[in-house]
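This report refers to the structure that appears directly beneath it.
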Protein chains: 2
Amino acid sequence: MARRSDHTRDELKDIILSASWDIVKKDGFAGLTARHIAKDINYAAGTIYNVFPAMDDLYLAVNGMTLDKLYAVLSSPDCTAHSAPPIQNIKKMAHLYRDFTKTYKPHWLMLFTYTLPDGKKAPEWYQAKVTRLFAPLETLLKPYYTQKPDRHRKMAARILWASVHGLCFLEETGKTPLITPQDSLSEMTGYLIDCFVAGIESK
Amino acid sequence: MARRSDHTRDELKDIILSASWDIVKKDGFAGLTARHIAKDINYAAGTIYNVFPAMDDLYLAVNGMTLDKLYAVLSSPDCTAHSAPPIQNIKKMAHLYRDFTKTYKPHWLMLFTYTLPDGKKAPEWYQAKVTRLFAPLETLLKPYYTQKPDRHRKMAARILWASVHGLCFLEETGKTPLITPQDSLSEMTGYLIDCFVAGIESK
DNA sequence: GCTGTAAATTGAACGATGTTCAAAATGGGG
DNA sequence: CCCCATTTTGAACATCGTTCAATTTACAGC
């Protein structure tokens with residue numbers, strides 16, 4: 001039996017989340033059960049409910065970790081170089097997103113396969129993490145919107161983001177290859193960005 | 001107890017699927033359980049396993065129904081009018097997709113929240129239903145690709161499809177409004193299509 | 001150092017879930 | 001009419017999220 005003072009409540013929370021992260025990596029979202037976590041961290045299942053009132057809260061917390069990791073990737077200097085042309089940075093960002101979906105596939109999938117029960121809304125902190133994801137792309141789009149309304153730039157960021165995501169999601173879960181060659185995805189995101197950006201400039 | 005000759009095996013399959021459809025509509029994917037179906041159709045739970053070897057097969061079958069309904073919508077003459085300019089038909093198709101996600105929200109969500117276990121591949125008939133969805137949009141794009149490679153047209157269809165889907169998906173499950181006004185989604189899909197098509201023409 | 005109290009931890013229990021399968025019910029052919 | 005292949009059943013099994021009384025633990029006060 002685990003001792004009461006083995007870990008503080010915050011430490012315990014970290015331990016639970018860390019174990020959860022590893023379980024999702026190995027067995028996917030389906031393998032993330034209270035009893036499985038408890039066994040890995042040498043506690044009883046009930047203890048988890050002292051830290052997370054329900055498993056749904058834990059799921060959201062794990063998704064929060066994934067969103068943080070994704071934000072860190074999209075904020076990387078790799079795709080915010082001022083020397084490079086903007087469109088190149090945008091393509092780089094799309095590539096980083098695609099890489100993320102492959103490197104953290106189970107965690108990335110869990111972001112979307114877990115949905116809140118019935119009519120529940122996501123907590124404030126979670127929504128903030130989602131919204132934050134658009135910021136890096138909004139910045140990259142600035143050069144194209146010096147003479148255009150800011151609202152259009154925000155829209156463009158969300159559109160591009162959703163498009164790249166949609167392509168990756170269909171590739172991973174559409175249960176069918178999008179087009180014959182294996183890595184046609186980078187070709188498609190490239191084509192998407194080329195056309196969309198050219199469309200912005202021509203309007 | 002249900003009589004052995006109440007329904008043929010095929011009838012029973014239809015009855016199970018029909019009941020499943022209604023359950024998903026009312027309680028979402030989470031409510032779709034073998035015992036719930038059994039109660040609604042006045043059979044024992046075990047009977048379902050005579051028709052579907054596992055619940056996963058039933059889930060796929062329900063998703064198949066949803067894909068069929070979606071295909072029927074996207075094939076509607078509403079967005080294939082030869083008199084209208086192509087871009088207007090494309091916007092109409094995007095609008096029809098968006099309508100579908102609202103009208104059949106639980107079924108549409110189930111398409112993506114249910115993922116096959118571990119490394120299993122979707123059956124052939126399912127993949128065919130997915131691929132078929134791109135065809136109507138490929139047709140609408142023909143006017144823009146009379147002088148360009150067919151491969152690009154296929155890519156453009158998948159890109160546009162994934163983009164519109166990505167926007168709808170983020171709107172429904174992103175757990176945060178994309179942009180302040182309520183129905184900014186049609187504005188965003190419009191902007192997406194305008195820019196993307198303009199980009200195609202300018203290249 | 002002892003004790004009492006508040007907090008942390010446990011593990012059994014409850015109602016679900018998907019799934020299996022022996023037993024029962026059924027109905028058409030000999 | 002009865003036999004037997006088919007269909008249907010419902011109890012059983014392992015597992016799930018969740019609850020909660022009982023136990024164990026750590027520490028404050030004497």
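In what follows, chains carry the letters A, B, and so on, assigned in the order in which the sequence lines appear, proteins first and then strands, with residues in each chain numbered from 1.
Note: A/His165 and A/Tyr97 have perpendicular aromatic rings, judged against thresholds of 30 and 60 degrees for the angle between ring planes. Between A/Trp161 and A/Phe134, the ring planes lie perpendicular to each other; the angle is over 60°, past the 30° to 60° tilted range.
B/Asp78 pairs in a side chain to side chain contact (heavy atoms under 4.5 Å, CB included) with only one of the listed residues (B/His95, B/Lys92, B/Met93), which is B/Lys92. Each of A/Tyr59, A/Tyr126, A/Trp108 was scored for a ring-ring contact (aromatic ring centres under 6.0 Å, His included) with A/Tyr114, with one residue passing: A/Tyr59.
The distance from atom CD1 of B/Ile23 to atom P of C/dT17 is 11 Å, rounded to the nearest whole Å. One interatomic measurement links the two molecules: CG of A/Asn50 to P of D/dC20, which rounds to 13 Å at whole-angstrom precision. Protein atom CZ of A/Arg35 is 11 Å distant from nucleotide atom P of D/dT18, rounded to whole Å. Atom CD1 of B/Ile37 is separated from atom P of C/dT19 by 11 Å (rounded to the nearest Å). If you measure from atom CG of A/Asp27 to atom P of D/dT15, you get 14 Å, rounded to the nearest angstrom. Between B/Tyr49 atom OH and C/dT19 atom C1' the separation is 5 Å, expressed in whole Å. One atom, CD1 of B/Ile16, and another, C1' of C/dG18, lie 15 Å apart when rounded to the nearest Å. One can place NE2 of A/His36 at 14 Å from C1' of D/dC16, the figure rounded to the nearest angstrom.
A sub-4.0 Å separation between OP1 or OP2 of D/dT8 and a side-chain N or O of B/Thr47 is absent. Under 4.0 angstrom from either OP1 or OP2 of C/dG11 there lies no side-chain N or O belonging to A/Tyr43.
Nucleic acid contact for A/Ala54: sugar-phosphate only, since backbone atoms but no base atoms lie under 4.0 Å from a heavy atom of the residue. Counting any heavy atom pair closer than 4.0 Å across all strands shown, A/Leu58 reaches no nucleic acid atom. Residue A/Tyr59 is classed as a sugar-phosphate contact, given heavy-atom separations below 4.0 Å to backbone atoms only. The residue A/Leu32 sits close only to the backbone: its heavy atoms come under 4.0 Å of sugar-phosphate atoms, none of a base.
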Just do the side-chain contact (heavy atoms from CB on, under 4.5 Å) check on A/Arg158 and A/Lys154 with the steps written out, would you? CA-CA 6 Å; A/Arg158 281 151 182 76; A/Lys154 281 179 182 284; 3.8 Å; yes
As a quick check of understanding, evaluate side-chain contact (heavy atoms from CB on, under 4.5 Å) for B/Asp194 and B/Ile87, giving each step before the final call. CA-CA 8 Å; B/Asp194 282 337; B/Ile87 197 167; 3.6 Å; yes
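A cation-pi arrangement is absent between B/Arg153 and B/Tyr145, since the terminal nitrogen or guanidinium carbon is not both under 6.0 Å from the aromatic centre and inside a 45° cone about the axis.
Using five terminal pairs a side, the axes of the helix from C/dG1-D/dC30 to C/dG30-D/dC1 at its two ends make an angle of 20°, given in steps of 10 degrees.
When the nucleotides D/dG17, C/dG11, D/dT8 are ranked by their closest atom to the side chain of B/Leu12, D/dT8 comes out on top. Here the side chain of B/Arg9 is nearest to one of C/dG11, D/dT7, C/dT19, namely D/dT7.
Along DNA chain D, the nucleotide nearest A/Gly31 and the nucleotide nearest A/Pro53 are compared for position; the residue whose nucleotide lies closer to the 5' end is A/Gly31.
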